[in-house]
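Within every chain, numbering begins at 1; the chains are lettered A, B, ... in the order of the sequence lines, protein sequences first and strands thereafter.
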Protein chains: 2
Amino acid sequence: MDKSHKCDKTDKCAEKREAIIQAALELVAEQGFHGAPMAMIAEKAGVGAGTIYRYFENKDDLIRWIYKNVEERFVEVMMQGYPEDGPVRERLVHIGTALVRHLISEPLQLRFVEQFHNSPYGVDHRREKIFGQGRKDVISELFHEAVEQQIFKPLELAILFALFFGPLIDICRDHILGFIKLDDALIEQVVGACWDALRR
Amino acid sequence: MDKSHKCDKTDKCAEKREAIIQAALELVAEQGFHGAPMAMIAEKAGVGAGTIYRYFENKDDLIRWIYKNVEERFVEVMMQGYPEDGPVRERLVHIGTALVRHLISEPLQLRFVEQFHNSPYGVDHRREKIFGQGRKDVISELFHEAVEQQIFKPLELAILFALFFGPLIDICRDHILGFIKLDDALIEQVVGACWDALRR
DNA sequence: ATATAAGGAATGAAGGTTCATTCCGCAGGA
DNA sequence: TCCTGCGGAATGAACCTTCATTCCTTATAT
């Protein structure tokens, strides 16, 4: 829960809050949780150490809040312009390319989520899929449909997800690390390759 | 560097060392680095806190040593029975199934490596592929050959690796978490799907 | 003037590392 | 065979650093 403020109308509050969030996101993404002590987050955000506690109950609260928001952002991006009534392949390609494009344009968000998953914070998320519930519903529906129509191989959802999203996230990481250089054409090719993996 | 001991002939030394390694491996794999303080490692290994420092310079040294060994083990397993002169598909399937079978039979090793990669320890490994140099050579040779023979899609090595190993590691994680239940037949199917992704 | 926000030094808990001490096995002399 | 002295191995309490959190003072706005 985020602490409510009295000064809801002034911009300063929102600005400081945003600065704290951004600072924490960057530090965790770049240095991991070890490299993101509260004092450093405060300094980077240009606020006092105690000030953070006016906006967030504690560090857990701050971290979880950021995670939740980033996660929601992912779903949002994939659902934007989703061709709800298009053929399976078109819908899948949309999701894949939208995800990759977003992840490489917001490298900090990907790094943050990865840090989160491999940390004590992520323990309770272990049993969930890579992303949030909202996405899971629409997308698992798509995958389910494709299996029933015998377009996809008859495999469990978790495995189909691994075949599709696993490589996509890996190439985003490689791109961010400068190991490869993704452009629209290449993204298309890789999504196509993932499609081949799923295809019956 | 591991500290050399004088008592090379007694078994006790090796046993203690092994106990420390096993304890650290388990704790890090199960609880992450946060949940593996030296005191706890010592207790689990049945030795004094200071004893660890007779075998390893510091925590970094201990962790890196374990990582290096686990990594080597992976290469070893994949190269055991490698059909050097078989067709590309057979070689690839061998590598994939051997890797998956090993990872799910040694869940701690997979968890440990993942913890390592997403931690300050793994920073200098960021630029390398998922596994060690020894493997990279043989396997990248295989992939390279397959591209040249126009068996694989004409993509960079990093991307081909992502398409092949990404899903395999993901399904191992899902299996370990109890999300899916892998058996030999299923492993074969998934490796086949990865093959489809690579195939031209 | 009063209440709310901000600041940052102080606090206490936690963890890695050190070191003075104890333990143990054995070599060599009686 | 038994005793004694030695040296490496083991120990764990103590130390020091790091960090999240608190609390009291100062600034600001109504």
I63(A) CD1 to dT21(D) P, in whole Å, measures 11 Å
Discussion item. When you measure from the side chain of R111(B) to the backbone of E30(B), do you find a donor-acceptor pair of N or O atoms at a distance under 3.5 Å?
Written reply: no
Any side-chain N or O of Y55(A) under 4.0 Å from OP1/OP2 of dA6(C)? yes
Separation of dT4(C) atom P from K16(A) atom NZ, nearest Å, is 18 Å
TODO: For the pair F116(A) and Y67(A), name the ring-plane relationship: parallel under 30°, tilted 30 to 60°, perpendicular over 60°.
DONE: parallel
When rounded to whole Å, the CZ to P distance for the pair R54(A) and dG8(C) reads 15 Å
note: E43(A), atom CD; dA6(C), atom P; distance rounded to Å ~ 18 Å
To the nearest angstrom, the CD1-C1' distance between I20(B) and dT17(C) comes to 15 Å
Residues 179-191 of chain B vs salt bridge (charged side-chain N to carboxylate O under 4.0 Å, His left out), sequence neighbours excluded, gives R101(B)-D184(B)
To the nearest angstrom, the CG-P distance between D61(B) and dG16(C) comes to 15 Å
To the nearest 10 degrees, the angle between the two end axes of the helix from dA1(C)-dT30(D) to dA30(C)-dT1(D) (five pairs per end) comes to 10°
The nucleotide from dT11(D), dG8(C), dG7(C) with an atom nearest the side chain of T51(B) is dT11(D)
Sequence neighbours excluded, the answer for side chain to side chain contact (heavy atoms under 4.5 Å, CB included) partners of E84(A) is Y82(A)
Y53(A) OH to dA5(C) P, in whole Å, measures 18 Å
Ring pair (Phe, Tyr, Trp, His ring centres under 6.0 Å) pairs touching residues 16-52 of chain A, sequence neighbours excluded, are F33(A)-Y121(A), H34(A)-H34(B)
Partner of D196(B) under side-chain hydrogen bond (donor to acceptor under 3.5 Å, both in side chains), picked from R199(A), R200(A), K153(A), is K153(A)
Under a 4.0 Å heavy-atom cutoff, the residues of residues 31-39 of chain B touching DNA chain D are none
Next on the checklist: Angle between ring planes, F143(B) versus F164(B), binned at 30° and 60°: parallel, tilted or perpendicular?
Outcome noted: perpendicular
Run the side chain to side chain donor-acceptor pair (under 3.5 Å) test on E26(B) and Q22(B) for me, step by step, so that the C-alpha distance in whole Å, both residues' side-chain angles and the decisive distance to 0.1 Å come before the verdict.
CA-CA 6 Å; E26(B) 283 178 28; Q22(B) 190 59 26; 3.1 Å; yes
Residue set satisfying salt bridge (Lys or Arg N to Asp or Glu O under 4.0 Å) with K59(A), at least two apart, ordered chain then number -> none
Whole-Å distance, L62(B) CG to dT17(C) C1', equals 14 Å
